[in-house]
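Following: one structure in structure tokens, then a few remarks.
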Number of protein chains: 2
Amino acid sequence: MTATIELTSPKAAHACGRQPGENYCDSCKVRSLAVCAALGPDELPELDDIVHHTRADGKTTFIHQGETAESVFSVTEGVVRLYKLLSDGRRQIIGFAMPGDFLGLALHNRYGFSADAVDDVALCRFDRRDFDNLVTAKPHFLRRLHEFATHELVIAQEQMTLIGRRSAEERVAAFLVAMRERWARIKGPSVTIQLPMQRIDMADYLGLTIETVSRTLTKLARDGVILIVPEAVRVLDEKKLLSIARA
Amino acid sequence: MTATIELTSPKAAHACGRQPGENYCDSCKVRSLAVCAALGPDELPELDDIVHHTRADGKTTFIHQGETAESVFSVTEGVVRLYKLLSDGRRQIIGFAMPGDFLGLALHNRYGFSADAVDDVALCRFDRRDFDNLVTAKPHFLRRLHEFATHELVIAQEQMTLIGRRSAEERVAAFLVAMRERWARIKGPSVTIQLPMQRIDMADYLGLTIETVSRTLTKLARDGVILIVPEAVRVLDEKKLLSIARA
DNA sequence: CGGCGTCCTTGTTTTGGATCAAACGCTGGT
DNA sequence: ACCAGCGTTTGATCCAAAACAAGGACGCCG
């Protein structure tokens, strides 16, 4: 079970088969537009690479906390986990990035977290300097970016509240509801909530252990709130799930 | 013990005695510059009010979670707590704002948190629309704002890690170190860390209870790391404190 | 000066979730 | 088909922090 890391050379052909002269593959364009709606697609920075990663053996980490921030990424396929590691190995996942999400937008010199693939992931990589220049040149774009950052901040503050003040069951329920809403924006609504990440990822995101996450899911299933299926859960009692999840 | 709420009328004289025609009192100008360094002081938006609050009976809440965001504030004196409340009364303090800090910069329509005074507080209030207009007109200003927001995001992610993955002692030590660094920027370095907030505020910030905070401080004092004094702690063993606080 | 209301500390008990331990069920390889 | 390895679930025990409880130590006000 080895990692698949395929890094196309700068300005290379896109995953979709387009050639370097054409700036965007449809996937990238569509996803980028989610954030860059204030600009026309032709005003986006030039794409550097398309990067594909598969979760496997830890070698797929493409953002390393503390390293110089040289790229901005946009997720087009799959799920990415963003995390901070303590020196003794404890890990806090600070978020999951899904198709349409950007990574490394902070305009800081160094990354504040690490990121790797949860499943099979495709990313568009942009040079951070191009991004910087674009930001300087296009106030609309900067404004969009700022809105994006403040939205992230709101999410982070909600997560703080979740971890700091809510029980294991509330955390898990809130996580399920949040995942359902995120998938709904990407793929449309569904009673099946895809959970491509492992239990340990949920645990490290929610400030719990793997056993507690497992037990809590089992309890929710026993209570008839959800049905546990591989890589997902099916929502059986939406009202109850929401009532546990809501503050 | 009643609340002191003094709200000068729009464009009224400043706390320092300046008249409406003069846009800024020194305090505001100095503090605003901390964030708006990319602009000259004359390019700042016009000040609406100077607001003074004293922590007392809960009536001093000047930002209410969920309400329409009509103002942006800048703290010039004292400490403000920002928090989220759950419906059953559980509270998570998401941050403390100190002199030089801005509140409500998100450019969202509604506030995502509440804010009130920890001690005697003075704030400059700006109309959010003026702020918006300025942001639209001056890209430098927006860029500064964006850097500010992403810095907040980094802090929030660190706090998530603190609350999600670290022990009570580590949380308290990290809090003390962070407070010392913040005061150092405002007043210069000192072995005495001012703690104007109550134990319950620290507890709600760190995801602990008041008793655990108290016990942990006592333990740190017993171990010769700090000396507890009213409204503050004195650092006796900096190296040890840092080694507990650092990840 | 005395009583009262806060806030803080300290002691005791309880508990939610962590930790330790073991078995289960896939999946992939031989 | 069998086995090995991993992720997950379940069970038993432990423990850090919560919850409960009771004293102090101020500061304020009558």
Side-chain angles (χ1 to χ4, degrees), chain A residues 1-4 54-58 81 86 88-92 118-120 162-173 175 195-223 226-233 244, chain B residues 1-4 54-58 81 86 88-92 118-120 162-173 175 195-223 226-233 244:
Chain A
M1 203 193 285
T2 55
T4 306
T54 301
R55 178 187 68 79
D57 55 6
R81 62 185 171 214
L86 302 183
D88 61 359
R90 282 176 288 180
R91 184 179 69 155
Q92 178 69 40
V118 157
D119 54 1
D120 287 10
L162 192 72
I163 296 173
R165 283 289 172 247
R166 309 193 66 200
S167 71
E169 190 176 35
E170 290 171 328
R171 293 185 213 188
V172 170
F175 175 71
L195 299 174
M197 69 290 293
Q198 301 175 197
R199 296 287 183 264
I200 195 156
D201 296 323
M202 299 187 217
D204 285 348
Y205 181 57
L206 298 172
L208 298 170
T209 59
I210 180 174
E211 294 95 332
T212 300
V213 169
S214 181
R215 272 185 244 278
T216 306
L217 286 171
T218 304
K219 180 178 183 299
L220 288 173
R222 193 165 1 94
D223 295 349
I226 58 170
L227 180 72
I228 301 173
V229 297
E231 304 265 284
V233 300
I244 299 169
Chain B
M1 203 194 285
T2 55
T4 306
T54 301
R55 179 189 67 80
D57 54 8
R81 60 184 171 215
L86 303 183
D88 61 0
R90 282 175 288 178
R91 184 179 68 155
Q92 178 68 39
V118 157
D119 55 0
D120 287 11
L162 192 73
I163 296 174
R165 283 291 174 244
R166 310 192 66 198
S167 71
E169 190 176 35
E170 291 172 328
R171 294 185 212 187
V172 171
F175 174 71
L195 299 174
M197 70 289 294
Q198 301 175 196
R199 295 288 184 262
I200 194 154
D201 296 321
M202 298 186 219
D204 284 348
Y205 182 58
L206 298 172
L208 298 170
T209 59
I210 179 174
E211 295 95 332
T212 299
V213 169
S214 182
R215 271 185 244 279
T216 305
L217 286 171
T218 304
K219 180 178 182 300
L220 287 173
R222 193 164 1 94
D223 295 348
I226 58 170
L227 179 72
I228 301 173
V229 298
E231 304 265 284
V233 299
I244 299 168

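Small disclaimer: the values here were computed from a predicted structure and weren't measured. Note on naming: letters A, B, ... go to the chains in the order of the sequence lines (proteins, then strands), and numbering restarts at 1 for each one.
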Nucleotide nearest [X] when distance is taken to its side chain, options [options]:
X	options	value
B:E211	C:dC8, D:dT8, C:dG11	C:dG11
A:R215	C:dT19, C:dT12, D:dA17	C:dT19
B:S214	D:dT9, D:dA18, C:dT9	C:dT9
A:A168	C:dG17, C:dT9, C:dA18	C:dG17
B:R199	C:dA18, C:dT9, D:dA19	C:dT9
A:L208	C:dT19, C:dT12, C:dA18	C:dA18
B:T218	C:dT19, D:dT8, C:dT9	C:dT9
A:S167	C:dT19, C:dG17, C:dC8	C:dG17

Just the rounded figure in Å: distance from [atom2] of [N] to [atom1] of [X].
X	N	atom1	atom2	value
B:L217	C:dC8	CG	P	10 Å
B:E231	C:dT6	CD	C1'	13 Å
A:L195	D:dG7	CG	C1'	15 Å
A:L162	C:dG17	CG	P	12 Å
A:M202	D:dT9	CE	P	8 Å
B:R90	C:dG16	CZ	P	13 Å
B:M197	C:dC7	CE	P	15 Å
B:D204	C:dC7	CG	P	13 Å

For this session: To the nearest 0.5 Å, tell me how far B:R199 CZ sits from B:T212 OG1.
Result: 13.0 Å
Exercise. Is any side-chain N of the basic residue among B:R166 and A:D88 closer than 4.0 Å to the acidic one's carboxylate O?
Worked result: no
Exercise. With a 4.5 Å heavy-atom cut-off, do A:K219 and A:V172 have their side chains touching?
Worked result: no
Problem set entry | B:Y205 side chain reached by B:V213 side chain, heavy atoms, under 4.5 Å | no
Exercise. If you look at every strand shown and take non-hydrogen atoms under 4.0 Å, does B:I228 touch a base, only sugar-phosphate, or nothing?
Worked result: sugar-phosphate
Exercise. Where is the tightest heavy-atom contact between B:L206 and B:L162, given as atom of each residue plus distance?
Worked result: CD2-CD2, 3.8 Å
Exercise. OP1, OP2 of D:dA17 versus side-chain N and O of B:T209: anything below 4.0 Å?
Worked result: no
